[in-house]
There are 2 protein chains.
Amino acid sequence: MVTMSDVARLAGVSTMTVSNVINGRRSVSQDLRRRVLDAVRETGYTMNRSARTLRTGTTGVIGLAVPSLDHMYFAELGSRVIAKAAELGYRVAVQQTGAHIEGEIDAVAMSHTLDCDGLILSAIEIGPEEAALLNRSIPLVLLGERLYGEAVDHVAMPNVEGTRAATVHLVEQGCRRIAWASNAVPEDDQHNVVIDRLLGYRRGLADAGLREDPELLVPVDQPTMADAAAGIAQMVRDGVEFDGVVAVTDAVAFGVMRGLANAGLRVPQDVRVIGFDDVQHAQFSVPSLSTIAPDHDWMVTTALTLLSERIKDHSPRPGRELVAPFRLVARESTA
Amino acid sequence: MVTMSDVARLAGVSTMTVSNVINGRRSVSQDLRRRVLDAVRETGYTMNRSARTLRTGTTGVIGLAVPSLDHMYFAELGSRVIAKAAELGYRVAVQQTGAHIEGEIDAVAMSHTLDCDGLILSAIEIGPEEAALLNRSIPLVLLGERLYGEAVDHVAMPNVEGTRAATVHLVEQGCRRIAWASNAVPEDDQHNVVIDRLLGYRRGLADAGLREDPELLVPVDQPTMADAAAGIAQMVRDGVEFDGVVAVTDAVAFGVMRGLANAGLRVPQDVRVIGFDDVQHAQFSVPSLSTIAPDHDWMVTTALTLLSERIKDHSPRPGRELVAPFRLVARESTA
DNA sequence: TTGAAAGCGCTAACAT
DNA sequence: ATGTTAGCGCTTTCAA
């Protein structure tokens, strides 16, 4: 292991000069700079980050906590976060919370200890009740899922407006019996993405003068492709009539399309389907999936900007909440 | 910031006793143990990992370098690696190489510096020429892509046998004009996953007594859904006749199915399609995708086992190469 | 512009 | 069973 002292000795300077050259701090004379750089090259020196971290208290690592990279939306999010963070000089440590509140609290608690300068948390379960925890933690940005009022920075999705637009789109395409495909969550939960998207669905129906029919709530257990396929199959088996489905996520929409295929129903001829997220696969499925496309790059850029501001300036300041713009992308599944 | 000394002072012991209690090393009397734990609770102490890292030289972090989490296969791989690593007490820092050799070399080079105890590299481009680099690096396991002979530990996919089985399966389903959908790579590259899978396709054809027809190589630029869709469309436009497609990955297979749909060809009635990887979506696409399913859990468990052995025991030892078992999963796309 | 000294928080090695 | 000492490799602070 080559240390700074080794380089300093070889270059005939002090370790401080080596440090200054390497980090481009204070001005160093041309001569010494050359000698140091030569010595670095000759020895193959690389800096020991732990030593720097111990001394400075910053790690250059950002934590990213998501339910699971197995969910296509979060994988794509992770990809963007890692790429963008790299541009800003940060590495990313990924943590999977399993969509459990315990995992999410863990993520926040551990980030303390975990050599992270900041944390991006894509929270599903954690709520305002845990705000105290969040406030005590390292710099934090919540991404995409819940709403928290004033407590923390939050980059949100256009949940209500998105599913509202999706529902209105189905009506415009001629649908009159529009189902809602989503896992159910307690209606009194005020800060849940699922509730917000359900609300948008209801607003969309209302905009079109359609009545909500409880029969049209597809019984989905977890928001996975498998459960969505099973749920829609159940609804068909129950003899419920419907000609459109708004799905809470693209994954659920894919599951719905799969379940409809199993039941011998055609998309879009018999049933039109629209999702939410615009994951990559939405363009390539057969039929391709109409969906609500939040501006993912904007979200990630914004989240990392907020986070690095908080990292650089620790002075307390109120949380900000920003909502991503979105487009409705009409594809074959609602044609 | 609460330090070990704070805890020690409050508990009326030395920092070593605190250290021993926290890390469960040497035996500590019940009484002192209690006092220390109480003091930890009271102060809310969490250990400073940088200090420990500086002292011990280990970080508890494993690097994972993949081309991109945007590729569904690597996202699912990442999910498994993070979950399994967590079980073993490691955190995971993810790096995206962009499938460029520069990115991969970077990953190896940086891992030195990067506070990783070990690195799992899913390499696409890096080859035996860079073996020197690999040997100088921290403990390393190559996962899934290339073959390296003796140099490093390598958990490989059943590339040749997999596509051979896939090809034979198509023949058994009645196909006689079987296309190969993949990006092309230089034929003299001896250590490339694509070459191996192409070889398996050729062996499968030979097993069935079929002749290889250069017309049947689908022109795919990158192994993405978009390029695969474009490639198969081109082939249809060129008037090439075919009744089966072996795709180098599931993503390419999805692109192929999408391109066939654009061309008005039905899967499996007009063309049968089989992929490689068995990503989640293969079960839920319409039609569902037949594919070669390597045992992913086995691969990840094996890779992490090899890696943690090398982390714990630095004595040099020859590289091992293990090949994952696989199953052929027949679904609708080849029915 | 450069260097010397001190110390970040922890643990290995050595006392007791 | 517990404590003392020294030092991991870097950067901050102060002095020259």
Side-chain angles (χ1 to χ4, degrees), chain A residues 1-40 43-61 89 110 112-117 138 312 314, chain B residues 1-40 43-61 89 110 112-117 138 312 314:
Chain A
M1 171 103 287
V2 183
T3 74
M4 225 174 220
S5 320
D6 298 329
V7 175
R9 199 174 318 115
L10 183 62
V13 298
S14 73
T15 60
M16 267 322 294
T17 299
V18 177
S19 176
N20 287 330
V21 169
I22 284 172
N23 296 292
R25 276 185 304 252
R26 302 205 300 202
S27 41
V28 179
S29 68
Q30 281 303 317
D31 178 39
L32 290 196
R33 154 168 272 102
R34 275 213 67 74
R35 274 155 58 194
V36 167
L37 291 176
D38 287 345
V40 166
T43 55
Y45 170 74
T46 57
M47 198 178 50
N48 179 323
R49 292 198 181 239
S50 312
R52 168 188 281 181
T53 295
L54 179 58
R55 189 62 236 227
T56 63
T58 65
T59 63
V61 175
M110 292 183 70
H112 264 292
T113 313
L114 230 57
D115 289 357
C116 292
D117 292 341
I138 58 173
K312 281 169 193 152
H314 272 260
Chain B
M1 168 104 284
V2 184
T3 74
M4 224 173 222
S5 320
D6 298 329
V7 175
R9 199 174 318 116
L10 184 61
V13 298
S14 75
T15 59
M16 268 319 294
T17 299
V18 176
S19 176
N20 287 329
V21 168
I22 284 172
N23 296 292
R25 277 184 304 251
R26 304 205 298 201
S27 41
V28 178
S29 69
Q30 280 303 319
D31 177 41
L32 290 196
R33 156 168 271 102
R34 273 214 70 72
R35 273 155 58 193
V36 167
L37 292 176
D38 286 346
V40 166
T43 55
Y45 170 73
T46 57
M47 199 178 49
N48 179 324
R49 290 198 181 239
S50 312
R52 168 191 279 181
T53 294
L54 180 58
R55 186 63 237 225
T56 63
T58 65
T59 63
V61 174
M110 291 182 71
H112 263 294
T113 311
L114 231 56
D115 290 357
C116 291
D117 292 341
I138 56 172
K312 282 170 192 150
H314 271 261

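Each chain gets a letter, A, B and so on, in the order its sequence line appears, and its residues count up from 1.
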Hey, where on DNA chain D does chain A first and last touch, going 5' to 3'? Cut-off is any atom under 4.0 Å from a heavy atom.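 Here the contact window of chain A covers dG9(D) to dC14(D).
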
Once you round to the nearest 0.5 Å, how far does CZ of Arg52(A) lie from CG of Asn23(A)?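 CG of Asn23(A) is found 4.5 Å from CZ of Arg52(A).
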
Can you measure from CG (Asp6(B)) to OG1 (Thr15(B)) and round to the nearest 0.5 angstrom?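 Here the interatomic distance stands at 11.5 Å.
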
Outermost DNA chain C nucleotides near chain A [under 4.0 Å, heavy atoms]: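 The protein-touched segment is dT1(C) to dG9(C).
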
Determine the minimum heavy-atom distance between [X] and [Y], stating which atoms define it.
X        : Y        : result
Tyr45(A) : Thr3(A)  : CE1-C, 3.5 Å
Ile22(B) : Met4(B)  : CD1-CE, 4.3 Å
Arg26(A) : Asn20(A) : NE-ND2, 3.3 Å

Most 5' of Leu54(B) and Ser27(B) on DNA chain D, judged by nearest nucleotide: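 The answer here is Ser27(B).
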
Can you find a pair of side-chain heavy atoms, one from [X] and one from [Y], that are under 4.5 Å apart?
X        : Y        : answer
Thr59(B) : Arg49(A) : no
Thr17(B) : Val36(B) : yes
Leu32(A) : Arg35(A) : yes
Leu54(A) : Asn48(B) : yes

Could you say whether Ser29(A) or Arg55(B) is positioned toward the 5' end of DNA chain C, judged by the nucleotide with the nearest heavy atom to each?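 That would be Ser29(A).
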
Which is true for Asn23(A) with a 4.0 Å heavy-atom rule: it touches a base, it touches only sugar-phosphate, or it touches nothing?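 Asn23(A): backbone/sugar contact only, no base atoms under 4.0 Å.
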
Students often get this wrong, so: under 4.0 angstrom with heavy atoms, is Thr53(A) touching a base, only sugar-phosphate, or nothing?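 Since no nucleic acid heavy atom lies under 4.0 Å of Thr53(A), the category is nothing.
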
Is the shortest distance from a Lys or Arg side-chain nitrogen in Arg34(B) or Asp31(B) to a carboxylate oxygen in the other one below 4.0 Å?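 The answer is no: the pair does not qualify as a salt bridge.
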
Five pairs at each end of the helix from dT1(C)-dA16(D) to dT16(C)-dA1(D): take the axis at both ends and give me the angle between them to 10°.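 Roughly 30°, once rounded to the nearest ten degrees.
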
